[in-house]
Amino acid sequence: MPRPTRARINLDALRHNHSISRRHAGSAHLWSVVKADAYGHGLLPAALGLQSVADGFALVEFEGAAELRAQGIRQPILMLEGIYQPDDINLCLDYALTPVLHDLWQIDALAAAALPTAIPVYLKLNTGMNRLGLSAEGLHQALRRLEAAGCVSSVTLMTHFADADDERGIAEQMARFAANTNGLNLPVSVANSAALLRFPDSVAMAGNWARPGIMLYGSSPFSNEQSAQELGLRPVMTLQSEIIAVQQLQAGDRVGYGGTFIATAPTRIGIVACGYADGYPRHAPTGTPVLVGGQRTRTLGRVSMDKLCVDLTGLEKVGAGATAILWGGDEKAYLPADEVATAAGTIAYELFCALAGRVSIEYVE
Ligand SMILES: *Cc1c(COP(=O)(O)O)cnc(C)c1O
């Protein structure tokens with residue numbers, strides 16, 4: 001029999017969440033961000049699931065972009081990290097990909113490639129994230145070089161926010177972006193999920209493109225202030241397994257590696273077939289929420305490679321064979337991945353992306 005550790009991906013919820021991003025975007029277009037195997041949800045199923053509603057897809061992997069084309073995806077595809085080497089420009093032409101150019105060597109590579117047809121490009125401006133992006137001076141040089149080379153069919157100006165989800169917000173970066181692109185009169189793309197949800201009026205203008213990622217997968221970019229449910233987002237990924245054994249502890253009994261949990265009273269515990277080799281975070285401490293038999297309880301002790309332990313106190317009817325939902329679920333029983341992530345000191349992005357290859361995925365339309 002197959003191991004009961006499975007992920008279920010709800011494509012209807014994915015489309016629903018896309019419709020929420022559409023509502024915030026007004027008349028702006030939407031790149032559906034599907035990098036990192038669609039945040040662990042499976043690139044092709046996610047993209048095909050969104051095909052009827054997406055304006056375009058954004059990712060960082062050329063192999064993934066080629067796969068999308070091979071599957072008949074016709075929408076524009078944005079390469080968020082641009083080209084990695086000069087040759088990649090040919091892939092942009094062959095697969096009709098729009099590269100984000102964030103460094104002058106990429107501009108020069110494009111100009112030197114002398115492509116038979118002009119291609120659309122994004123120019124990325126660094127406005128304070130200090131990760132990728134041209135300086136203000138670099139942007140104007142890039143524009144001059146591209147114009148001289150005559151090799152682009154359109155230019156969109158882009159930046160990325162460092163604090164769209166926290167107190168700093170986007171004002172400072174937006175001001176810098178505006179000051180350095182003033183008078184260019186080109187379409188812009190600035191918003192990730194957090195900016196789109198929090199500042200729709202400043203980012204969702206006609207002709208522009210927003211770049212929602214995490215919200216499509218049903219997680220809140222600011223889970224501590226506003227939950228996914230409050231944002232109207234539905235969970236897309238459910239990670240579930242089963243209780244494969246039950247133990248009766250006495251006071252003083254220890255649980256798992258290192259015995260980091262010690263029972264203070266007689267305690268029934270369940271052993272769930274899911275561990276860090278499935279993508280469950282090893283650093284999730286005792287007390288991390290979990291749903292067992294549809295009811296909320298907590299993990300106990302250290303997470304192992306293939307197993308974790310849960311408290312069955314008050315869940316007398318639950319025994320071996322009961323379903324354990326590690327995150328996700330449905331209307332009847334739902335554990336937001338954001339809550340598990342917070343308990344484990346991380347973000348749902350990381351939980352989703354870490355879903356391990358050995359977990360079989362079932363797609364539900
Ligand atoms: C990943 C990414 C996004 C999407 O961000 P979310 O927080 O998941 O919405 C948008 N823009 C760029 C440049 C990215 O790399």
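Just follow the structure's listing: the first ligand is 1, and inside any ligand the first atom is 1. Positions are given from 1 along the sequence.
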- Task: For the pair Y280 and W327, name the ring-plane relationship: parallel under 30°, tilted 30 to 60°, perpendicular over 60°.
- Result: parallel
- Over 60° means perpendicular and under 30° means parallel, so classify the ring planes of H41 and F352, tilted if in between.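 Correct class here is perpendicular.
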- Quick one, list the residues around ligand 1 where some non-hydrogen atom comes in under 4.0 Å, by chain and residue number.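 Ligand 1 is contacted, at a heavy-atom distance under 4.0 Å, by V33, K35, Y39, L80, M158, H160, N192, S193, R211, P212, G213, I214, Y349.
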- Query: Partners of T260 by side-chain contact (heavy atoms from CB on, under 4.5 Å), sequence neighbours excluded?
  - Reply: R302
- Message: For E365, is there an ion pair with R15 - N to carboxylate O distance below 4.0 angstrom?
- Response: yes
- State whether E339 and R296 are salt-bridged, where the test is any N-O pair (Lys NZ or Arg NE/NH1/NH2 against Asp/Glu carboxylate O) under 4.0 Å. yes
- Do the side-chain N and O atoms of D338 and S219 include a donor-acceptor pair separated by under 3.5 angstrom?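 Distance-only check passes for D338 and S219.
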